[in-house]
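Just so you know, residue 1 is the first one in the sequence shown, and it goes up from there.
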Amino acid sequence: VAIADMNDNGIDDIIFGTDSDFIYVLLDDQTIAPNFPIDLGNNIQSEPAVYMMENEKIILTGCKNNNFYAFNYSTGELRFVIATGDDVYNSPSFDQGGNIYFGSDDGNVYGIDVNGNALQGFPYNIDGAVVGSIVIADLDNDSSLDIVAVNSNGQLYGLDDTGMLLDYFPINHE
């Protein structure tokens with residue numbers, strides 16, 4: 001689940017997906033938010049995330065129908081959908097610049113902006129299903145954030161913010 005104050009009343013609400021294909025926003029008073037639930041047509045087995053913009057809250061989630069979705073909370077309208085080559089099981093991550101990163105079982109790490117446009121160098125293939133969420137950190141101490149992703153073949157990838165492989169990566173692990 002994701003937890004965020006969606007209706008601006010100072011109390012956190014719960015955002016979650018179901019195996020019956022719906023994304024819900026459950027408000028603190030135990031009612032479902034207007035415009036929800038939304039049917040995505042297949043199981044939602046990734047944790048959603050909420051991206052807070054100045055004038056909008058964006059709900060982001062992957063789905064077992066090979067897509068990654070973004071919805072505007074205020075209207076429930078689809079903001080964008082990113083088609084991937086396989087299921088999306090992991091929760092998206094954000095960098096300080098507002099970029100969004102997620103992985104898919106198609107082996108790609110996707111980097112997009114808040115409008116769903118691909119970032120330079122993305123998607124980046126890591127030779128196996130992306131396992132877990134993307135981690136963002138400055139690995140090479142150059143004052144810019146790097147992306148860490150793990151694949152199903154036992155490899156850890158370190159990428160810079162343009163999708164270029166960092167020195168000494170990938171690292172094999174058990």
Side-chain angles (χ1 to χ4, degrees), residues 1-2 4 6 15-25 33 35-137 145-153 155-165 170:
V1 302
M6 301 301 285
I15 303 91
F16 62 95
T18 69
D19 280 349
S20 60
D21 310 345
F22 290 94
I23 187 88
Y24 282 87
V25 176
N35 306 310
F36 289 87
I38 298 171
D39 186 350
L40 298 186
N42 209 321
N43 299 355
I44 304 164
Q45 296 181 335
S46 69
E47 301 85 3
V50 178
Y51 182 87
M52 304 285 200
M53 293 182 62
E54 187 173 317
N55 298 319
E56 184 65 76
K57 295 175 179 90
I58 302 169
I59 297 171
L60 303 159
T61 192
C63 189
K64 278 189 69 177
N65 64 3
N66 305 348
N67 291 317
F68 179 80
Y69 294 92
F71 296 94
N72 292 329
Y73 167 72
S74 63
T75 62
E77 292 178 349
L78 180 67
R79 185 179 183 90
F80 62 81
V81 60
I82 306 294
T84 71
D86 209 333
D87 299 331
V88 179
Y89 289 113
N90 52 50
S91 184
S93 302
F94 315 111
D95 68 15
Q96 294 171 334
N99 297 313
I100 302 162
Y101 301 91
F102 67 95
S104 171
D105 275 8
D106 67 0
N108 287 319
V109 174
Y110 293 83
I112 57 174
D113 67 18
V114 72
N115 295 312
N117 301 307
L119 300 176
Q120 177 186 347
F122 290 93
Y124 185 92
N125 190 280
I126 63 168
D127 295 324
V130 179
V131 178
S133 296
I134 306 302
V135 175
I136 299 172
L145 295 177
D146 303 307
I147 297 114
V148 179
V150 177
N151 72 16
S152 57
N153 298 322
Q155 294 175 307
L156 182 118
Y157 280 76
L159 309 170
D160 71 14
D161 60 353
T162 65
M164 297 296 297
L165 194 62

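- Asn153 places a side-chain N or O within 3.5 Å of a backbone atom of Asp127 that can act as its donor or acceptor partner.
- For residues 100-124, there are no salt bridge (Lys or Arg N to Asp or Glu O under 4.0 Å) pairs, not counting sequence neighbours.
- The minimum heavy-atom distance linking Leu40 with Phe71 is given by the pair CD2-CZ, 3.3 Å.
- The salt bridge (Lys or Arg N to Asp or Glu O under 4.0 Å) analysis of residues 41-59, with sequence neighbours excluded, yields the pairs Asp8-Lys57.
- Within the 4.5 Å cutoff, the side chain of Met53 has heavy atoms near those of the Ile58 side chain.
- Asn55 is linked by a side chain to side chain donor-acceptor pair (under 3.5 Å) to nothing, counting only residues two or more places apart in sequence or in another chain.
- Between the side chain of Asn43 and the main chain of Lys64, no donor-acceptor pair closer than 3.5 Å is present.
- With contacts defined as side-chain heavy-atom distances shorter than 4.5 Å, the pair Tyr73/Val25 qualifies.
- The side-chain heavy atoms of Met6 and Ile59, taken from C-beta on, include a pair separated by under 4.5 Å.
- When every heavy atom of Ile44 is checked against every heavy atom of Cys63, the shortest pair comes out as CG1-SG, 4.3 Å.
- In terms of the ring pair (Phe, Tyr, Trp, His ring centres under 6.0 Å) criterion, residue partners of Tyr24 (sequence neighbours excluded) are, by chain and number, Phe16.
- No side-chain heavy atom of Leu145 sits less than 4.5 Å from a side-chain heavy atom of Tyr101.
- Taking CZ of Phe36 as the start and CD1 of Ile15 as the end, the distance is 8.5 Å to the nearest 0.5 Å.
- Met52 CE: more than 12 foreign heavy atoms inside a 6.0 Å radius.
- Taking the ring centroids of Tyr110 and Phe68, they lie at or beyond the 6.0 Å cut-off.
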In a table with atom names and distances, give each donor-acceptor pair under 3.5 Å that connects a side chain of residues 76-88 to protein atoms at least two apart or in another chain.
{"unit_1": "Arg79", "atom_1": "NE", "unit_2": "Val114", "atom_2": "O", "d": "3.0"}
{"unit_1": "Arg79", "atom_1": "NH1", "unit_2": "Asn72", "atom_2": "OD1", "d": "3.0"}
{"unit_1": "Arg79", "atom_1": "NH2", "unit_2": "Asn115", "atom_2": "OD1", "d": "3.2"}
{"unit_1": "Thr84", "atom_1": "OG1", "unit_2": "Asn66", "atom_2": "O", "d": "3.0"}
{"unit_1": "Thr84", "atom_1": "OG1", "unit_2": "Asp86", "atom_2": "N", "d": "3.4"}
{"unit_1": "Thr84", "atom_1": "OG1", "unit_2": "Asp86", "atom_2": "O", "d": "2.5"}
{"unit_1": "Thr84", "atom_1": "OG1", "unit_2": "Ser104", "atom_2": "OG", "d": "3.2"}
{"unit_1": "Asp87", "atom_1": "OD2", "unit_2": "Tyr89", "atom_2": "OH", "d": "3.2"}

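- Closest non-hydrogen pair, Gly128 versus Asn151, comes out as O-CB, 3.7 Å.
- Annotation: side chain to side chain contact (heavy atoms under 4.5 Å, CB included) contacts of Ser46 (sequence neighbours excluded): Thr61.
- Here the side chains of Asn90 and Ile134 are not in contact, with every heavy-atom distance at 4.5 Å or above.
- In terms of heavy-atom proximity, Ile100 sits nearest to Pro92 at CG2-CB, 3.9 Å.
- Side-chain atoms of Ser133 come within 3.5 Å of backbone atoms of Ser91 as a donor-acceptor pair (strictly under, hydrogens ignored).
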